[in-house]
Amino acid sequence: MKSEITISELAKLMNVSVHQIRYFEEKGVLWPAYTDNNQYRMYDIEQVYQLSHILLLRKLGVSVQSINDCMTSYSADQYRQLLHHSLREVDAELLRLKELQHFIKKVLHEQQNFNSQSNHYQIKRRDTTYFARWIEMDSHNKLNAKLLAEQAKRVPNLFESDIHYISDGSSTITLCLETQGPGDFSLPGGNYLSMQSLIHEDDELEQMIEQLYDYAATQSYTITGPLILIERSYLSLFSKNGLHYELQFLIESAAKGEPS
DNA sequence: ATTCTCACA
DNA sequence: TGTGAGCA
C-alpha cells in the first residue's frame with residue numbers, strides 16, 4: 001500500500017480546495033512528492049506539513065509570493081517579527097469591530113429611545129459636553145453636497161455621528177461634532193428642555209422650533225443658552241423619508257423660585 | 001477522479 | 001488570490 005495521497009485527499013485533509021493546492025504549485029510554494037504515471041499529483045506527509053505552514057502564513061496575511069521567501073530563508077527572529085506585525089493587525093481589526101459593535105448598540109438604543117419619546121417634551125439633565133466646530137453656515141442657507149465635500153476631510157463616517165446645529169440667535173449656525181475631551185468650545189451642564197421628532201419637510205422644522213418655544217413660555221422656563229438642533233441621520237434607516245431631529249435648549253425654571 | 005485552460009471577481 | 005465551467 002502506498003503512503004502517498006491524491007490531491008483531493010490532501011484537499012479534504014487540510015480543508016482547502018483542490019484548486020487552491022494547484023494554485024500554490026503554480027506559484028511555486030508547494031510541489032507534490034512525485035507525479036504518477038497517470039499525471040496525478042501524489043503527496044506525502046512532508047507536503048502535509050508544508051501545506052499547513054503555507055496556510056498558517058496565509059492566515060497571517062502573507063502573500064503567496066512572499067511565502068516563498070519566508071519558507072526558504074526566514075530566520076526564527078524574522079518569523080517573530082512577522083508574528084508581531086500580524087498581531088498588531090489583528091488588534092486593529094478587533095478595535096474596528098469593537099467600534100462597530102458600539103455603534104450598532106447606539107443605533108438600537110437611539111431608535112428605541114425615539115419610539116418611546118418622539119413628540120414629547122422632556123427635561124434632560126446634561127453634563128458638560130465638548131464640541132469641535134465643523135462648519136459655519138448662514139441660517140438661511142441649506143446644507144448642500146458641495147459644502148460637505150469641501151469639509152469632508154475633517155470628519156470620517158459623517159452620517160454615523162450626531163450632528164449638532166448650534167444657533168445663538170445671530171444669523172450664523174455652527175455645525176458641530178461632539179468630542180470626548182475639551183474641543184473648540186463646550187456647552188454647560190444643566191437641565192435642557194428637549195423634544196425630538198421626525199421631519200419630512202423643511203417647514204416642519206420651523207414649526208417644531210416654534211412649538212418648543214411656545215411650550216417653554218407656557219411652562220415659564222427661561223431660556224439661557226443657544227438653540228441646539230441634533231440631527232441623527234442614521235436613524236433614517238428606520239423611516240426612509242424623514243430626518244430625525246432633537247431640539248434642545250438650556251433652561252432655568254422660574255417656577256422653582258430661585259432668588260433674583 | 002484528475003488535469004489543463006480560460007474567464008471572472 | 002483565488003473560484004467555476006468546460007474539456008480530455
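Naming convention: chains lettered A, B, ... in sequence-line order (proteins, then strands); numbering from 1 in each chain. Fair warning: this is a prediction, and the values are worked out from it, not measured in the lab.
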Between [atom2] of [N] and [atom1] of [X], the distance in whole Å:
{"X": "M42(A)", "N": "dT3(B)", "atom1": "CE", "atom2": "P", "result": "10 Å"}
{"X": "N38(A)", "N": "dC4(B)", "atom1": "CG", "atom2": "C1'", "result": "15 Å"}
{"X": "I7(A)", "N": "dT2(B)", "atom1": "CD1", "atom2": "P", "result": "8 Å"}
{"X": "Y40(A)", "N": "dA1(B)", "atom1": "OH", "atom2": "C1'", "result": "4 Å"}

Can you see whether Q248(A) engages E246(A) through a side-chain donor-acceptor pair at a distance of less than 3.5 angstrom? yes
Considering only heavy atoms, which members of residues 52-74 of chain A lie under 4.0 Å from some atom of DNA chain B? none
Is there a residue in residues 24-35 of chain A whose heavy atoms reach under 4.0 Å of DNA chain B, and which residues are they? none
Which pair of non-hydrogen atoms, one from [X] and one from [Y], has the smallest distance, and what is that distance?
{"X": "Q47(A)", "Y": "W31(A)", "answer": "CG-O, 3.2 Å"}
{"X": "D168(A)", "Y": "P226(A)", "answer": "CA-CB, 4.0 Å"}
{"X": "Y130(A)", "Y": "G181(A)", "answer": "CB-O, 3.0 Å"}

Return yes if some donor-acceptor pair links the side-chain N/O of [X] with the main-chain N/O of [Y] below 3.5 Å, else return no.
{"X": "S73(A)", "Y": "D69(A)", "result": "yes"}
{"X": "S66(A)", "Y": "V62(A)", "result": "no"}
{"X": "D44(A)", "Y": "E46(A)", "result": "no"}

Taking ring-ring contact (aromatic ring centres under 6.0 Å, His included) as the test, write out the residues that go with F238(A), two or more places apart. none
For nucleotides 3-8 of chain C, 5' to 3', base contacts (B), sugar-phosphate-only contacts (S) and non-contacts (-) with protein non-hydrogen atoms under 4.0 Å give BBB---
For Watson-Crick and G-U wobble pairs within 3.5 Å on both distances, what is DNA chain C written in dot-bracket notation, | included for inter-strand pairing? ||||||.|
Atom NE2 of H200(A): over 12 foreign heavy atoms under 6.0 Å: yes
Where does the angle between the aromatic ring planes of Y74(A) and Y79(A) fall among parallel (under 30°), tilted (30 to 60°) and perpendicular (over 60°)? perpendicular
Parallel, tilted or perpendicular, as decided by the 30° and 60° cut-offs, for the rings of Y121(A) and Y215(A): parallel
Phosphate OP1/OP2 of dT2(B): any R41(A) side-chain N/O under 4.0 Å: no
Any side-chain N or O of S8(A) below 4.0 angstrom from OP1/OP2 of dT2(B)? yes
Inter-residue atom distance Q196(A).CD - R232(A).CZ, 0.5 Å rounding: 6.0 Å
Looking at residues at least two apart in the chain, or sitting in another chain, which of them share a salt bridge (charged side-chain N to carboxylate O under 4.0 Å, His left out) with D127(A)? none
